[in-house]
Amino acid sequence: MERVMMKGNEALAEGAIRAGCRYFFGYPITPQNEIPEYMARRMPEVGGVFLQAESEVSAINMVYGAGGAGARVLTSSSSPGISLKQEGISYLAGAQVPCVIVNVARGGPGLGGLNPSQADYFQATKGGGHGDYRLLVYAPGNAQEMVDLIGLAFDKAEAYRNPVMILTDAIMGQMMEPVVLPPLRTVAPDQPWATTGKRGRSKPNIINSLGLVGEDLERINRELQAKYARMAASEVRYEADGVEEADLVVVAYGTTSRVARSAIARLRQEKKKVGLLRPITLWPFPQQILAELATAGKRFLVVEMSAGQLVEDVILGVNDREKVAFFGKLNGTVPTVREVYDRIRSLLSEGGEG
Amino acid sequence: MERVMMKGNEALAEGAIRAGCRYFFGYPITPQNEIPEYMARRMPEVGGVFLQAESEVSAINMVYGAGGAGARVLTSSSSPGISLKQEGISYLAGAQVPCVIVNVARGGPGLGGLNPSQADYFQATKGGGHGDYRLLVYAPGNAQEMVDLIGLAFDKAEAYRNPVMILTDAIMGQMMEPVVLPPLRTVAPDQPWATTGKRGRSKPNIINSLGLVGEDLERINRELQAKYARMAASEVRYEADGVEEADLVVVAYGTTSRVARSAIARLRQEKKKVGLLRPITLWPFPQQILAELATAGKRFLVVEMSAGQLVEDVILGVNDREKVAFFGKLNGTVPTVREVYDRIRSLLSEGGEG
Amino acid sequence: MARITIDEERCKGCELCVSVCPKKILGMSERLNSQGYHFVETIGDGCIGCAFCARICPDVVIEVYK
Amino acid sequence: MARITIDEERCKGCELCVSVCPKKILGMSERLNSQGYHFVETIGDGCIGCAFCARICPDVVIEVYK
Amino acid sequence: MKKVFAYPRALSQRRTHYCPGCTHGIIHRLVAEAIDDLGIQERTVGIAPVGCAVLAYDYFDVDFQEAAHGRAPAVATGVKRVHPDAVVFSYQGDGDLASIGMAEIIHAATRGENITVIFVNNTVYGMTGGQMAPTTLPGQKTTTSPYGRDTATVGYPIRVCELLATLDGPAYLERVSVHDPQHILKAGQAIRKAFALQVAGKGFSLVEVLSSCPTNWGMTPAEALRHIKETLIPYYPLGVYRAPEEVTGGDA
Amino acid sequence: MKKVFAYPRALSQRRTHYCPGCTHGIIHRLVAEAIDDLGIQERTVGIAPVGCAVLAYDYFDVDFQEAAHGRAPAVATGVKRVHPDAVVFSYQGDGDLASIGMAEIIHAATRGENITVIFVNNTVYGMTGGQMAPTTLPGQKTTTSPYGRDTATVGYPIRVCELLATLDGPAYLERVSVHDPQHILKAGQAIRKAFALQVAGKGFSLVEVLSSCPTNWGMTPAEALRHIKETLIPYYPLGVYRAPEEVTGGDA
Amino acid sequence: MVTHEIICAGFGGQGVMLIGQLLAYGGMIEGKEVTWFPSYGPEMRGGTANCSVVISAQPIGSPVVAEPDGLIAMNGPSLVRFKGAVKPGGVIVYNSSLVAEAPELQGVRICAVPANELARELGNDKIGNMVVLGAFLGLTKAVTVASIEAALQQVLPARRHHLIPLNSAALRKGLSLVEG
Amino acid sequence: MVTHEIICAGFGGQGVMLIGQLLAYGGMIEGKEVTWFPSYGPEMRGGTANCSVVISAQPIGSPVVAEPDGLIAMNGPSLVRFKGAVKPGGVIVYNSSLVAEAPELQGVRICAVPANELARELGNDKIGNMVVLGAFLGLTKAVTVASIEAALQQVLPARRHHLIPLNSAALRKGLSLVEG
Ligand SMILES: Cc1ncc(C[n+]2csc(CCOP(=O)(O)OP(=O)(O)O)c2C)c(N)n1
Ligand SMILES: Cc1ncc(C[n+]2csc(CCOP(=O)(O)OP(=O)(O)O)c2C)c(N)n1
Ligand code: SF4
Ligand code: SF4
Ligand code: SF4
Ligand code: SF4
Ligand code: SF4
Ligand code: SF4
Ligand SMILES: [Mg+2]
Ligand SMILES: [Mg+2]
């Protein structure tokens, strides 16, 4: 298989196209501009549509229109832009419109900075918008996963009629790595529920999240919750590396999982028993494996570029906060391999195994 | 003290004015229209400004301007409108601009419905916007608290230079109850950090959340986290009713705490030992008392109008999910007293005390 | 000769049709429909089929034959 | 008689001043400033104090005396 | 005897939730008649606004999407780009289109997006109980301008057709009224033309319809129609503001 | 010898991060000169955009707020309503003002909000690396219109002064350019006038400045100025589009 | 009875919200704890509407009444919807002008008031709600008529105060129906 | 060495990003795992910039290099900023045309390349980065010169391919400085 060198953002964009996505609506924002720029060049080549919307708000509502019309549609942005999309995301979830939303996160809050960050974890997993909804959230760990997970994202979005988010960050987006690309797929926008014009159907298709009468809204929500339960049962993904033998399991996703991996490699050379649990789906969250590892007596270290968000889900999974340690870096800086290494060492020695 | 009958929304509006708020920027949305409409009538009477913004996005940014200029400023909306404000809220938090934001929540997701809901708990407490920030979040339990907590909200917003949210719902907002109003306060907009024009200061005041250089952003975030730690240490509020003697502690806020209170009253007539823990601050969350009650061997029932949001914080506080039961109503309907009563009864009998 | 038909149950009693009928042959019934509205009825002859009534009716109550 | 002063460290070497000087007495230095730019310098006499250079300079490098 | 005025096929049989005498109902019917006339029911997709017409999807017998408040032009764009052969229209109130949705309508217009917009201007927020709209007239009392719209503090109404007419994008812009049968006829023709232009691929078309809100104006339905004629039309002149043949401006 | 051209007091001493030859720097200086001239430095509050001028608060010696992208007019409104005696201006790019911030600028203008807007039109998104803007010319290549702006699919540029001139709210609208010393002088006068009108309480004023982006245009600074003169000005005619004395339209 | 839990229901425009508010104000005037909570249908105007009122000597829990001990039903659909929820020992007063068939329920006192006709007799079509309220007060003693009259002063805008005597008359008319 | 962790740093416009990319492409061409990661200053144009490159036989963890074993510094500020982080046994190659004082460090091999002068000698001011890269390759053997030449084919757009011989010459010039 031919390896081509690509930036994470471009790998993701090409991955989307290969997965049959032919509609992109977005608005420029660093550090994800490679995605719209790639789409602007590439979409005309494959007969697709690239449209720069007037804002993130418009972009997400164009996505709603196109997704509701049955198409595989993508939008991407970065943290402040994703905040602007929250109303639209809640609408997409409520009306069960499939689509893929990419957040190449940067430092916040507010205007923040262009450095990478993992401080949008809560927003992605607990719902930054209003109401009880869930996105399927993937966190790629390398450029190859940018390609692979966006393909999966489109398939799952359609299978569940649910928006799917890719949560990544400035490092994963800007970094270049070799990737192997899958073949180009074409997927016609012809879902049975989509608004295409009736075209002979006896009943109109309607895309909607309104339940003016209380019972209607409860029905909508019951449907959604049942779907989320199915997703929770079937869609959990994670990578577990050496967790069985480990005394300490590091939990980290995306960029920090890479840093943790380097630190763990060093520690293993020193014969320390340290494992890595890398959630690939942030929602549904790999609670089960955490519960099992906790039962087996492991301790945990959560490494994230935030003041502590992922760590709450880890505690909920482990069901005992005493077993979970946290190493966070605030927005603006990436933890170094040495910092993580040192933290693990000191935890191991606390545990008397140093 | 004279009691006057007011809708929750109007009590809140008058409470804000009495607390010295003279600036309101908002956009109509049911079920909170009584707030802007009240302000439209009342602000001119007290020399204040009511301005209907062109959207929720504009409203929150007008709040940013006015708050940054040193004024006590209010905006209110309901769920979809609050989602639109998320970018602005993240900016307010990042730039440390004090203000009060009211969410009179309704059913979601999407357009949802006009019925009450507690499904915006995550959004309010974990940050619907991007980045690591926290709002101080109050949940009033009656019309009097609408008055009292909004007053407190303005004081705390200023004391911490932080946005404060009042999270309430369609029932609390539309319900009428007698309230006692405090005297009218006037507070001049003259904070030392505010943008007023330099007016003799040697250095300009700047309201900003940008940290282009990584270290700048880390410094901003360190400052914020230190402040949040102070808030967590000092600002927790809750009401505990009969929790010491209780076998089972019901945890609920706002509307569901009212329903729970009725159910508990019935159960107490039957000599059941049931307590009520009502968080008044949703962030910072009353974790400590939950931990203590858990240590004392209590079991817990969380009652909320959502698929399960508050319950996560309760589990985190109790630090053992086995001890925490959940009774949720999906958007669209309010639990009845009987439903809650039945649920408690069956929990008590599971515990062998039926 | 022309005539109109009235779907009484759809009528909301707004009286706009009454106000535009050039022949003044429309009026409101004493009775209520199930929505709780006094509905429109013809109170005279001479309909010319101008369809003014139908055209201004917001609730598509009236059809016209000619 | 007129003259200009040049704040060399502010100059970014964009040459706009050079392009507008009616007396053609501005040119770029061989040297770099600490920002890494070749900065502007006067390469002749006869400044008339028209301030064209100062007015077009985006970096407020030049002041003019007359 | 022939049926000379019939219930349009493109309308569903449901009764509307609109107040008695509200002209939203008339405008719905005109849209349905245009769809019938052009024979496009099977390929039409409507976009409902948030506003009194929020349930429009229940009242038409065509595919529909419910948009977020103000975002109907963006939603319509999404649909149209996926199905260029579909006929896509949005139906929007003045709060929806001219307040929160101002950026979306201007950009759809300047893009020359090949959609049709039915813009219902009733100078007030109907659904939420009569708040001030961007089109509320100077001095007009609403629940958020209880002392009358004061131009000194909240500024002036926006004339949407005139505003959009400064853009190069739109193909057709016309302002009509539905206050009497004659004007209803004309309004229907304008709406039909707007759809026909879309079918012909001519680009963005918008028909602004002056509409009544008896409930929030505190008038009877008949008084409300008189108010349109006597007060609204002088402020919002009827006429074509952009036509493909470049017949612009002027009164109708 | 007298200093006839001096560093303005209202500018800070910091060096800007702008590219060599970028006319943002000239416009900053003109604003500072207007503030100096009118003696209002102590009561001026600036609103910085998100765009290349995002760090404007570092470059002026006046109070400043950093607004979210596009929302500067709303932020300015908030400040002005609290401190009506302060002089409040926003400084915004074409992406900021005419794309994401379209609703905010139109509504601030129609409200006649007593603020001053400095609108820097460089036909491109400078800060984010040269994407298409609402003002990008037909055929112009940018990173998101790599084959040149195609009006058939993405529509036409927006002329902001012309658009706002249809509203009753604004007191003063003028388009100027900074491509040569004579035009810079005129631009300075327009900016000064805009501030003076605010001080006099006349309401909303906006000066659109045609500005260069040598970096994203792929030109030398001098070529970029020529491009303004030869290509931008014909598309965006200079002139007064609204004046308190009602001197409107026409070329300057 | 320490606590009264009441539902008032009818078409929009029949004044059910107003009589609910009067009950709540009346309770407040008598020094009790009270809550009033409205609920509307999706219609803009017309359609159905109802409100919950709780009057109690104790602090009030839920303001949403699911099992009322008092129901005022101004039209047929409201009676159908809520009558089954009324607690044993409770009271239903309904507008028999718009309800053809009398409801039958065990253990609940039921009172028919031909509100439209009586209102017309009193010379004002809109006053039927007050007649029904009067009858309800007579049966439940939730608050006194005097408290409702005092409440009218607070609830009606000053320009409507001239209507208070008419309202009083309607209340007393209703009262007379049940006090015989 | 199994893994090379490299930082290339300099002013914007000096081509440090390009040589970083060439190293990464070169590694990929040799069948290794590679990452390239850029970092920019706040300036729009000009200012400082750097990139991290990792070349390894193993899957790569962190793409952000904090403790490089190879540093290419094209100007003074970059050298000052990063030299202290270089691991013992590591290599620093710097552009001595813009750095007056030679750095002194224990246990690190340091190589001064007068890049600007050599570039001018080669007839193209912009080619200094390639000279420095050549020297770096000679000292570290991170990848072969041939791999870089192959990488140039992929990295440069076709319309720039005529410049490849010049780039090769510059690379070999740099190589010759250290291979003596
Ligand atoms: C984001 C958001 N903001 C506000 C609302 C509340 N809202 C619903 S309809 C409406 C205005 C309706 O007015 P208009 O568009 O003029 O339509 P009309 O009802 O007059 O036909 C508003 C503000 C909402 N649903 N969503
Ligand atoms: C909500 C949001 N969307 C997008 C961005 C990214 N962004 C920063 S500046 C900018 C556009 C700048 O262009 P313009 O306003 O024309 O200013 P210029 O840089 O050309 O002066 C964009 C899209 C952002 N910071 N926030
Ligand atoms: S068709 Fe004309 S004449 Fe006949 S009833 Fe209707 S309005 Fe009157
Ligand atoms: S116009 Fe229509 S709804 Fe109104 S009264 Fe006549 S028939 Fe009835
Ligand atoms: S002031 Fe005029 S003449 Fe003197 S250097 Fe400047 S441009 Fe040239
Ligand atoms: S215009 Fe200014 S920055 Fe440009 S070269 Fe001249 S002095 Fe330097
Ligand atoms: S509120 Fe106004 S616009 Fe809405 S349905 Fe009623 S009359 Fe029509
Ligand atoms: S990118 Fe363009 S607008 Fe921005 S500073 Fe550089 S030249 Fe100026
Ligand atoms: Mg309206
Ligand atoms: Mg620009």
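Chain A is the first sequence line, chain B the second, and so forth, proteins listed ahead of strands; every chain is numbered from 1.
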Chain B interface, residue from L114(A), N103(A), D320(A) that has the most non-hydrogen pairs under 4.5 Å: D320(A)
Under a 4.5 Å heavy-atom criterion, the part of residues 160-168 of chain B in contact with chain A comprises none
Any side-chain heavy atom of K126(A) within less than 4.5 Å of one from E312(B)? yes
E322(B) versus N319(A): any side-chain heavy-atom pair under 4.5 Å? yes
Using non-hydrogen atoms only, which part of L316(B) is less than 4.5 Å away from chain A: side chain, backbone, both, or neither? both
Distance col, row D132(A):CG vs S117(B):OG, nearest 0.5 angstrom, shows 6.5 Å
Give, for atom CZ of R321(A) and atom CD1 of I315(B), the distance between the pair rounded to the nearest 0.5 Å. 11.5 Å
Please rank G81(B), G308(B), P80(B), G211(B) by heavy-atom pairs under 4.5 Å with chain A and give me the top one. P80(B)
Summary of ring pair (Phe, Tyr, Trp, His ring centres under 6.0 Å) pairs that have at least one residue in residues 206-225 of chain A, sequence neighbours excluded: none
Please check if any side-chain donor atom of E218(A) sits under 3.5 Å from a side-chain acceptor atom of N115(B), or the reverse. no
To the nearest 0.5 Å, what is the distance between CG (L84(A)) and CD (Q86(B))? 10.0 Å
Smallest heavy-atom separation, S209(B) atom then G110(A) atom, equals OG-CA, 3.4 Å
Can you check whether H130(B)'s main-chain N or O pairs, donor with acceptor, with S83(A)'s side chain at less than 3.5 Å? yes
Side chain, backbone, both or neither: which part of Q309(B) has an atom under 4.5 Å from a heavy atom of chain A? side chain
Out of curiosity, L210(B) CG to L111(A) CG, how far, rounded to the nearest 0.5 Å? 4.5 Å
When the 4.5 angstrom heavy-atom criterion is applied to A307(A) and chain B, the contacting part is both
